[in-house]
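Heads up, the thing below is written out as structure tokens.
Just so it is clear: chains get the letters A, B, ... in the order the sequence lines come, proteins before strands, and each one is counted from 1.
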Amino acid sequence: MNKNAYKLLHEGTLAFADMEYNGIKVDVRYCRRQKKNINQQIELLELELDRTEEMKVWRKRYKDDFNLDSTDQLKKVLFTDLKITPPAYTDKGNPSVNKDNLNLIDSPIVEPLIKLRQLKKLNNTYLKNIMEETVNGYIHPSFNLHTVQTFRSSCDRPNFQNMPIRDPFMGKIIRTAFIPRENSIIGGLDYAGIELSMAGCNSKDPLLIKDYITIHKTQAARCFALKEKQVTKDIRYYGKNGFVFPQLYGSWNVPIAENLLRITKGMQTVDNLDLYEHLEAKGISHPEIFQDHIENVETRFWETYSVHKKWQEGWISNYYKKGYIEMLTGFRCKGILSKNQLFNYANQGIAFHCLLWSIIQMNKWLKKYKMKSKLIWNIHDDMGLDIHNTEKEDVLQKAKEIMCIEIKKAWKWIITPLEIEAEFSNKNWYEKEKVKI
DNA sequence: TACTTCGGCGCC
DNA sequence: AAAGGGCGCCGAAGTA
């Protein structure tokens, strides 16, 4: 680690200490109400389950040892007693009963079981810990800078970096619990597509730099043979997390095609076409045909971003020569690293370091001018703020200056565009809305 | 009782 | 030819 990298960690730790001290305001009464409500839903679901023949088989086999939360028991019932063929296996070679695979099984217990897991996750992982860790109406999660291989941050007690958002049902229940201080708004400023922007800084691939914001939508459209205007937020999500990132970090068409095909079931396009039926109409819904199709998309992808591909090769051979990699922010990673790790480590840490640098400057500025607004979280590319109503313009303007302009003066290696989005609410974190800066 | 591993699942 | 990467937390099950 060079001197600049050290300084970033040192100042970052001090800024994080302030952030932890500030804390996030919690609506505790709301949490209590929700927890009770969910408990009732859980009871009803368990009654519903018990009316099925499958549960009779389960209870008969395990008698007093019966445990609805035991996946081992579930596997025995499904795959031994009911003689169902396991749809897939875990890494260790055992039958898998995760949500996706359970959904492939035709049984009346599948749907209530999945719902039950979700409700228990909400209560046991989220609401319970939010309430336990809240002191005098504020929660103070620990934000760590010393735990992660890639020199990202992490968070615990509770982990504030994995609060539900993608599933609207879960997102609403949990994020409604986080509220602004008096006369304030709560929300975050996040870097748009920062990891891809950083990939561009590494490889200097002109097309990747040009496309880094639009790439997910474009690739989603290609994967599902759609026009871009048909791509919903959900479909884009799978273009991003089901194709673009897996491609960049070492996956390939076979597992990618399998995943993408599975998630088409029940999804709809902007013009309300059923995504799977759309693939059928295009004649690419058969697993083997779809894989061929994704292979074509993959080939075209790497023909387009060939400069980045070349950089990946050089990055790896450089590691083999030196035995370590050095990030653009000066951090070094040593030890045995797989190809996929090497691809990922180059971008992941420095993407977060842009946020960390911005948080440090923002914190200094807020303290220097004795502002009422406070930094309250960091989530990899998202800076959480509680902004006092009287300071809205100033704080947002300064944040934009730091995050998009000043950082490029400090770090000349940032040769790509940096863009941010702000989302805030005067009610709660769930009801955040885009704010223009 | 305390600890580890596994599978599962939430986020970026 | 072809392992997406990085986290933290839960409960179950096995071991010491």
Test item: A:Leu116 and A:Glu46 side chains (from C-beta on) under 4.5 Å apart, heavy atoms: yes
Atom-to-atom span, OH of A:Tyr430 to C1' of B:dC11 - whole angstrom: 16 Å
Geometric class of the A:Tyr305/A:Phe301 ring pair [parallel <30°, tilted 30-60°, perpendicular >60°]: perpendicular
Straight-line distance of A:Ile24 CD1 to A:Ile186 CD1, nearest 0.5 Å: 7.0 Å
Within residues 115-148 of chain A, residues whose heavy atoms come under 4.0 Å of DNA chain B: A:Arg117, A:Lys121, A:Tyr126
With sequence neighbours excluded, residues passing side-chain contact (heavy atoms from CB on, under 4.5 Å) with A:Glu406: A:Trp357, A:Lys398, A:Glu401, A:Ile402
Option passing salt bridge (charged side-chain N to carboxylate O under 4.0 Å, His left out) with A:Arg59 (candidates A:Asp65, A:Asp64, A:Asp50): A:Asp50
Inter- and intrachain pairs under ring-ring contact (aromatic ring centres under 6.0 Å, His included), touching residues 99-153 of chain A, at least two apart: A:Phe151-A:Phe331
Those residues that, when tested against A:Tyr191, pass ring-ring contact (aromatic ring centres under 6.0 Å, His included) (two or more places apart): none
Listed once per pair and sorted, the salt bridge (Lys or Arg N to Asp or Glu O under 4.0 Å) pairs that draw on residues 236-264 of chain A, sequence neighbours left out: A:Asp100-A:Arg262
Provide a list of protein-nucleic acid N or O atom pairs under 3.5 angstrom, restricted to nucleotides 1-6 of chain B.
from: B:dC6; atom 1: OP1; to: A:Lys92; atom 2: NZ; distance (Å): 3.3

Short N-O contact, A:Lys60 and A:Asp81, less than 4.0 angstrom: no
Pair A:Glu133 + A:Arg157: basic N to acidic O under 4.0 Å: yes
For DNA chain C, the residues among residues 296-308 of chain A that have a non-hydrogen atom under 4.0 Å from it: none
A:Ser153 vs C:dC7: side-chain N/O to OP1/OP2 distance below 4.0 Å: no
Side-chain (A:Gln73) to main-chain (A:Leu68) donor-acceptor, under 3.5 angstrom: no
Parallel, tilted or perpendicular: rings of A:Phe290 and A:Phe224 (30°, 60°): parallel
Point-to-point distance, once rounded to the nearest 0.5 Å, from CD1 of A:Ile114 to CG of A:Leu119: 12.0 Å
A:Lys115 to A:Phe169 six-membered ring, cation-pi geometry met (6.0 Å, 45°): yes
Restricting both atoms to N or O, compile the protein contacts to nucleotides 13-16 of chain C shorter than 3.5 Å, with distance only.
from: C:dA13; atom 1: OP1; to: A:Ser70; atom 2: OG; distance (Å): 2.6

Proximity to DNA chain C (any heavy atom under 4.0 Å), residues of residues 239-268 of chain A only: A:Asn241, A:Phe245, A:Pro246, A:Tyr249, A:Ser251, A:Trp252, A:Pro255
Over-ring placement of A:Lys265 relative to A:Tyr276, 6.0 Å and 45° cut-offs: yes
Minimum-distance nucleotide (side-chain atoms of A:Asn162 versus B:dG8, B:dG10, B:dC12): B:dG10
ring-ring contact (aromatic ring centres under 6.0 Å, His included) involving A:Tyr89 - partner list, sequence neighbours excluded: none
Between CG on residue A:Leu342 and OH on residue A:Tyr249, distance to nearest 0.5 Å: 12.5 Å
Sub-4.0 Å heavy-atom contacts from residues 323-352 of chain A onto DNA chain C, ordered by number: A:Asn340, A:Gln341, A:Asn344, A:Tyr345, A:Gln348
A:Thr416 side chain near A:Tyr212 side chain, heavy-atom distance below 4.5 Å: no
Residues within residues 17-32 of chain A bordering DNA chain B, heavy-atom distance below 4.0 Å: none
